[in-house]
Amino acid sequence: MTYLPDETHDPHLRSWIASANGPATDFPVQNLPLSIFKPLHSTAAPRIGVAIGDQILDLYACGKTGLLQGLPEPLQQACSTSTLNALMGLGEGASHALRHRLSQLLQINTTLPRDELQILVSMAESEMLLPATIGDYTDFYASIFHATNVGKLFRPNNPLLPNYKHLPIAYHGRASSLTISGTSIHLPLGQQQPADEGAMPGFDPSQRLDYEMEVGLFVGQGNELGMPIGIGQAESHLFGLCLVNDWSARDIQAWEYQPLGPFLGKSFATSLSPWVVTTEALVPFRCPAYGRADDDPTPLPYLSSLQNTEHGGIEITVEVWMSSARMRKEAIAPIRLSQANFAQMYWTAAQMITHHTSNGCNLRPGDLLASGTVSGPEVGAQGSLLEITQQGRSPIELPSGETRTFLTDGDEVILRGYCEKAGYTRIGFGDCRGQIIGQGIVEGRSGQQSPTS
């Protein structure tokens, strides 16, 4: 893994696609994130696309028209598939070669018979799909500020458990309920703790539905079962990053989580932004790993390296925006609820990968690791409503005059992320959206029966 910018990061580069040159775009020619899309009103199979301004560069079409000739044959073949898994599995050399070819194709001084090639599809005329077949999903708990904020709500005098500063905490999530941005989120039903000791629990729609602002890490090349990935090689197994909303039903979670941790309070849905920003695109925004307090324990040797200390962080600003159904009806713009920085995570991406494989667990191309909620130390940097509203005790007021402690029917949550640094072009991740829709009566809910019974 190199941490030195190259010619593809040059801030003076411009594209022949005009929308890629605007200062507010997430997708200038310096970014080139990848995903899977289908043109609307088309029977064409899903294919790999590259975001450039408000357009998608169709890699299948590029291959058919010879624009990828000269790249290694396995790489050309991977670009014609309907998921990113094959490309991810080829490793960082293939990703590097593809990025340089795409940068050349899309620069303003490149001469292409564009009308004949039909290599572009408008984002507005496309359906975005999950970027990979995700076999496994692991969710970490890597922000010490989030862990402390949540811990104080339940253990005011001892918010962090003894293991937190020694290893990256995580749980194994549900890959089947990972959904692409824009998918509606059904208000989950579940058992909830009874108000009175000895009473029966209820089975009702969640009254404490929350979001969690997270960053997703897509695995590139995997590792063999029984063969851990060392900290020095960890980032060569990281393909790219996206945004993740780990929806959480706090009332269901509170009743079920002891002694084995999250289950149905998390597994009903997790939203992903469609575009995967590659590690190569993020090179200019690397930074030292978060500086630990002097009295914090030094990570064990397998989690430590000079490379990780000096370059393990990534400067990504992440934001949470929200609108209610009433706000949209009254044409009120979404309100920003928080802003934090991924560089302040206590555990780095390399440490998460290394620890995950330290027992010999095998990761595979397309596996997803999520960072856990990204929160900062300042007011306004909390990445969940649980933190912002202090477990519902301090409601937030919306511009419409409504208040919220947790989410309700019609609320839409929008996650955004971007990288900015003097001397380099701003790049972004695109939106990760999800709107809550209500849950009807089902058999077994608090003793009620469905309308059809």
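Side chain of E315 to backbone of E420: no donor-acceptor contact under 3.5 angstrom is found. Formation of a donor-acceptor pair under 3.5 Å by the S324 side chain with backbone atoms of M327 is found in this model. When atom types are taken as modelled, the side chain of S304 and the backbone of P299 share a donor-acceptor pair closer than 3.5 angstrom. In this structure a side-chain-to-backbone donor-acceptor pair under 3.5 Å is missing from T405 to P395. S177 places a side-chain N or O within 3.5 Å of a backbone atom of S267 that can act as its donor or acceptor partner. Between the side chain of S15 and the backbone N or O of L106 there is at least one donor-acceptor pair closer than 3.5 Å. Using modelled atom types, one side-chain atom of R208 and one backbone atom of Q391 make a donor-acceptor pair closer than 3.5 Å. Of the possible polar contacts, none joining the D139 side chain to the H172 backbone as a donor-acceptor pair under 3.5 Å is found. With hydrogens and angles ignored, the 3.5 Å screen pairs a side-chain donor or acceptor of Q192 with a backbone N or O of D204. Between the side chain of T183 and the main chain of T179, no donor-acceptor pair closer than 3.5 Å is present.
No option in H100, E280, R99 other than R99 meets the side chain to side chain donor-acceptor pair (under 3.5 Å) test with T8. If you run side chain to side chain contact (heavy atoms under 4.5 Å, CB included) between L160 and each of K152, K165, R155, only K165 comes through.
The side chain to side chain contact (heavy atoms under 4.5 Å, CB included) check on R328 picks up S323, A325, E412, Q435, with sequence neighbours excluded. In this structure, the salt bridge (Lys or Arg N to Asp or Glu O under 4.0 Å) partners of R250, at least two apart in sequence or on a different chain, are D210, E212. Residues that satisfy the side chain to side chain contact (heavy atoms under 4.5 Å, CB included) test with T133, not counting sequence neighbours, are T83, N85. Partners of S375 by side-chain hydrogen bond (donor to acceptor under 3.5 Å, both in side chains), not counting sequence neighbours, listed by chain and number: E387.
In the model, R174 has a side-chain atom that pairs as donor or acceptor with a side-chain atom of S176 under 3.5 Å. With hydrogens and angles left out, the side-chain atoms of S305 and Q307 include no donor and acceptor closer than 3.5 Å. Side-chain contact, Q191 with W255: a donor N or O sits under 3.5 Å from an acceptor N or O. For the residue pair W247 / S271, a side-chain donor-acceptor distance below 3.5 Å is found, with atom types taken as modelled.
No side-chain heavy atom of V219 sits under 4.5 Å from any side-chain heavy atom of R364. For the pair L84/I36, a side-chain contact is recorded, criterion being any heavy-atom separation below 4.5 Å from C-beta on. You'll find the side chain of H355 reaches within 4.5 Å of the side chain of Y302, heavy atoms only. Within the 4.5 Å cutoff, no side-chain heavy atoms of Q193 are placed close to those of P201. Side-chain contact between E125 and Q55 is absent, with no heavy-atom pair separated by less than 4.5 Å. Within the 4.5 Å cutoff, side-chain heavy atoms of L407 are placed close to those of M322. In this structure the side chain of Y164 reaches within 4.5 angstrom of the side chain of I144, judged on heavy atoms. By the 4.5 Å heavy-atom criterion applied to side chains, S95 and L98 are not counted as neighbours.
The shortest heavy-atom contact between C79 and L59 is O-CB, 3.7 Å. Taking every heavy atom of both residues into account, H186 and F268 meet most closely at O-CD1, 4.3 Å. L167 approaches W347 most closely through the heavy-atom pair N-CZ2, 3.3 Å. When all heavy atoms are compared, the tightest approach of V215 to V318 is CG2-CG1, 4.2 Å. For the pair V283 and P5, the tightest heavy-atom approach, listed with the atom from each and the gap, is CG1-N, 3.5 Å. D251 and S206 make their closest contact through OD1-OG, 2.8 Å (heavy atoms, listed as atom of the first residue, atom of the second, distance).
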Residues N245, E214; criterion side chain to side chain donor-acceptor pair (under 3.5 Å); working and verdict: CA-CA 6 Å; N245 188 339; E214 306 194 11; over 6 Å; no

Evaluation steps, side chain to side chain contact (heavy atoms under 4.5 Å, CB included), between I396 and L385: CA-CA 9 Å; I396 58 173; L385 285 175; 4.0 Å; yes

Intermediate values then yes/no, side chain to side chain contact (heavy atoms under 4.5 Å, CB included), L300 and H166: CA-CA 7 Å; L300 292 176; H166 292 278; 5.8 Å; no

Derivation and outcome, side chain to side chain contact (heavy atoms under 4.5 Å, CB included), residues V374 and S143: CA-CA 6 Å; V374 183; S143 167; 5.7 Å; no

Candidate pair F27 and I52, rule side chain to side chain contact (heavy atoms under 4.5 Å, CB included), full reasoning: CA-CA 5 Å; F27 308 123; I52 181 73; 5.6 Å; no

May I have the list of side-chain donor-acceptor pairs in residues 220-240 shorter than 3.5 Å, sequence neighbours left out?
from, atom 1, to, atom 2, distance (Å)
N223, OD1, L363, N, 2.7
N223, ND2, M227, O, 2.9
N223, ND2, C361, O, 3.0
E235, OE1, Y3, OH, 3.3
E235, OE1, R286, NH1, 2.9
E235, OE1, R286, NH2, 3.2
E235, OE2, R286, NH2, 2.6
S236, OG, Q233, O, 2.6
H237, ND1, Q221, O, 2.7
H237, ND1, G222, O, 3.4

Less than 3.5 Å apart, which donor and acceptor atoms pair up between the side chains of residues 333-340 and the rest of the protein, not counting sequence neighbours?
from, atom 1, to, atom 2, distance (Å)
R336, NH1, E319, OE2, 3.4
S338, OG, Q382, O, 3.2
Q339, NE2, E319, OE2, 2.6
Q339, NE2, Y418, OH, 3.4

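The distance from the CG atom of L282 to the NE2 atom of H9 is 8.0 Å, given to the nearest 0.5 Å. Going from atom OH of Y211 over to atom CG of D411 covers 10.5 Å, rounded to the nearest 0.5 Å. S394 OG to I388 CD1: the interatomic distance, rounded to the nearest 0.5 Å, is 11.0 Å. The SG atom of C432 sits 6.0 Å away from the CG atom of L243 when rounded to the nearest 0.5 Å. Taken to the nearest 0.5 Å, the OG1 atom of T278 stands 9.5 Å off from the CG atom of L241. Put simply, CZ on R433 and CH2 on W321 are 11.0 Å apart, with the number rounded to the nearest 0.5 Å.
The six-membered or imidazole ring of F145 lies near that of Y290, with a centre-to-centre distance under 6.0 Å. Aromatic pair H146/Y141: ring centres closer than 6.0 Å.
Look at D26 and R416 and you find no salt bridge, because none of the NZ, NE, NH1 or NH2 atoms lies under 4.0 Å from a carboxylate O.
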